[in-house]
J.: 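Take this structure, written in structure tokens, and hold onto it; I'll ask about it next.
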Amino acid sequence: MGRILGFPSATLAKLEKTPERKYYVYCLATNNNVFYVGKGCGNRLFAHEYYAQKAFEKLDQNDIKELEKLYSKQPKIKTIIENSKNIQRVILNHFLTEDEAFVGESTLINFLKIVQHIDLTNLVSGQGEKGMSVEELEKIYGYEPISKDNLKHHGLILAVKIKNSFSLSNDESLNYEEKRDDTNLKSRTLGVWKIGQDKINDIKYVIGINTGADNAVVSAYEIKEGNYTEFSYVKENKKQTRYFFTSDSKSEDVLKKLGLYKKRIIDLNFGSGSEKTYI
């Protein structure tokens, strides 16, 4: 294959004319068969061959350490390069930010592996989540329908609307006995709610519902008797009372206990403008 060259200085200067957009996505192939996809800048595209063939007489010690580490994990790519007479190098996209290059790299790797069934030498699929079929994705992220009549519970359930639930923190380490946190799913689920005194002592569970996601049940907490705090305030010269609950239970455990894990309640209705309902 001969001595491996990097990009000529003029080409490299053009590729790197905008520092924040100096990245590219590339692939390596033999006989039109892609065996590696990567992203990089500068002469990164040539790095695999650079080490595999030991083409240069003087190697930078940092390069040697980096590439030896690379090939200790990827002996297959080293073998392909050493035994091939023709390595095809293709720049698939350039003038990219590093984030854009990461996305392009991982998308192409997933496509080639999952759709084209190509056995790439890449060890990982780049940044982001791994590729999958629609059915697999639905199994991970979807919520199965369930009716209120099929819930497994004894006692009153308070169902509350939780807007933007999927963007909230899932940290359950605090009980939020004194201060509410609107960025936390547990805190948002547990209060503060306007509840009649005839129901407050009967509530055994509080569940969070994302009405914008077909009534997906996004959280659930078991409430022990008396585990609530009354909060009074004056609005329009009238005293109003709201309550917030405390719970040391774990949402996933309670969801499974109620038969609501990854479920959406198809026949749950909230009154017009209401923030809550009961089951």
Side-chain angles (χ1 to χ4, degrees), residues 1-140:
M1 180 163 40
R3 192 168 184 266
I4 302 171
L5 298 175
F7 290 114
S9 297
T11 303
L12 199 57
K14 284 284 188 178
L15 287 173
E16 298 183 337
K17 66 178 183 178
T18 307
E20 63 270 19
R21 287 193 166 273
K22 65 181 180 179
Y23 293 89
Y24 54 78
V25 177
Y26 68 93
C27 71
L28 301 177
T30 59
N31 300 318
N32 294 317
N33 295 313
V34 176
F35 64 86
Y36 186 83
V37 173
K39 74 93 183 164
C41 59
N43 285 318
R44 180 67 180 87
L45 178 150
F46 300 93
H48 306 281
E49 298 164 84
Y50 177 67
Y51 178 73
Q53 291 185 274
K54 299 179 180 178
F56 297 155
E57 294 180 0
K58 294 182 179 180
L59 298 176
D60 181 271
Q61 290 300 312
N62 290 330
D63 287 341
I64 291 176
K65 290 180 181 179
E66 179 184 348
L67 294 169
E68 283 181 341
K69 183 179 179 181
L70 170 68
Y71 282 108
S72 68
K73 297 179 180 178
Q74 294 176 301
K76 184 176 181 180
I77 189 174
K78 182 173 182 291
T79 300
I80 290 174
I81 290 173
E82 288 179 332
N83 294 310
S84 176
K85 294 181 179 180
N86 180 29
I87 298 294
Q88 298 161 285
R89 318 176 192 104
V90 181
I91 297 289
L92 299 165
N93 204 344
H94 61 289
F95 294 151
L96 304 172
T97 67
E98 187 171 22
D99 286 343
E100 290 171 344
F102 271 129
V103 172
E105 176 195 38
S106 59
T107 300
L108 185 57
I109 290 172
N110 285 332
F111 171 74
L112 292 174
K113 284 186 173 182
I114 297 171
V115 180
Q116 298 295 314
H117 305 292
I118 293 176
D119 184 21
L120 296 173
T121 53
N122 294 74
L123 293 179
V124 295
S125 297
Q127 299 292 308
E129 299 293 335
K130 70 180 183 68
M132 65 188 76
S133 68
V134 170
E135 290 76 16
E136 290 173 318
L137 186 141
E138 180 63 24
K139 186 175 181 180
I140 294 173

J.: Minimum heavy-atom separation for F7 to N43, with atom names?
T.: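 Nearest heavy atoms, F7 then N43: N-OD1, 2.8 Å.
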J.: Taking all non-hydrogen atoms of both residues, which atom of Y26 and which atom of K39 are closest, and how far apart?
T.: CE2-N, 3.6 Å
J.: So how far is it from N110 CG to L120 CG, rounded to the nearest 0.5 Å?
T.: 10.0 Å
J.: For V25 versus E105, what's the shortest heavy-atom pair and its separation?
T.: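 Looking at all heavy atoms of both residues, the closest pair is CG2-N, 4.0 Å.
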J.: Can you tell me how far the SG atom of C27 sits from the CG atom of N33, to the nearest 0.5 Å?
T.: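 That separation rounds to 11.0 Å.
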J.: So, taking the atom named OH in Y36 and the one named OG1 in T121, what distance separates them when rounded to the nearest 0.5 Å?
T.: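 It comes to 7.0 Å.
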J.: Compute both the distance and the angle, then confirm whether K14 meets the cation-pi test with F95: under 6.0 Å from the six-membered ring centre, within 45 degrees of the axis.
T.: no
J.: Could you pull out the closest heavy-atom pair between I118 and V34, with the gap in Å?
T.: CG2-O, 3.5 Å
J.: Once rounded to the nearest 0.5 Å, what's the spacing between atom CD1 of I91 and atom CG of L45?
T.: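 It comes to 4.5 Å.
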J.: Hey, does L28 have a side-chain heavy atom less than 4.5 Å from the side chain of F35?
T.: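 When only atoms from C-beta onward are counted, L28 and F35 do touch, with a gap below 4.5 Å.
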J.: Applying side chain to side chain contact (heavy atoms under 4.5 Å, CB included), run through V103 and D99 and close with a yes or a no.
T.: CA-CA 6 Å; V103 172; D99 286 343; 5.7 Å; no
J.: Test of understanding: with salt bridge (Lys or Arg N to Asp or Glu O under 4.0 Å), list the residues that count as partners of E100, not counting sequence neighbours.
T.: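 For E100 the salt bridge (Lys or Arg N to Asp or Glu O under 4.0 Å) partners, ignoring immediate neighbours, are R21.
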J.: What pair of heavy atoms forms the shortest contact from Y24 to R44, and how long is it?
T.: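 Taking Y24 first and R44 second, the nearest heavy atoms are OH-N, 3.3 Å.
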J.: List for me each residue that meets side chain to side chain donor-acceptor pair (under 3.5 Å) alongside D119, sequence neighbours excluded, and say none if there are none.
T.: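 Checked D119 against side chain to side chain donor-acceptor pair (under 3.5 Å); matches are K76.
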J.: If you measure from NZ on K22 to CD on E98, what distance do you get to the nearest 0.5 Å?
T.: 8.5 Å
J.: Please report the shortest heavy-atom distance between Q88 and N31, naming the atom on each side.
T.: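 Scanning both residues, the minimum pair turns out to be OE1-N, 3.2 Å.
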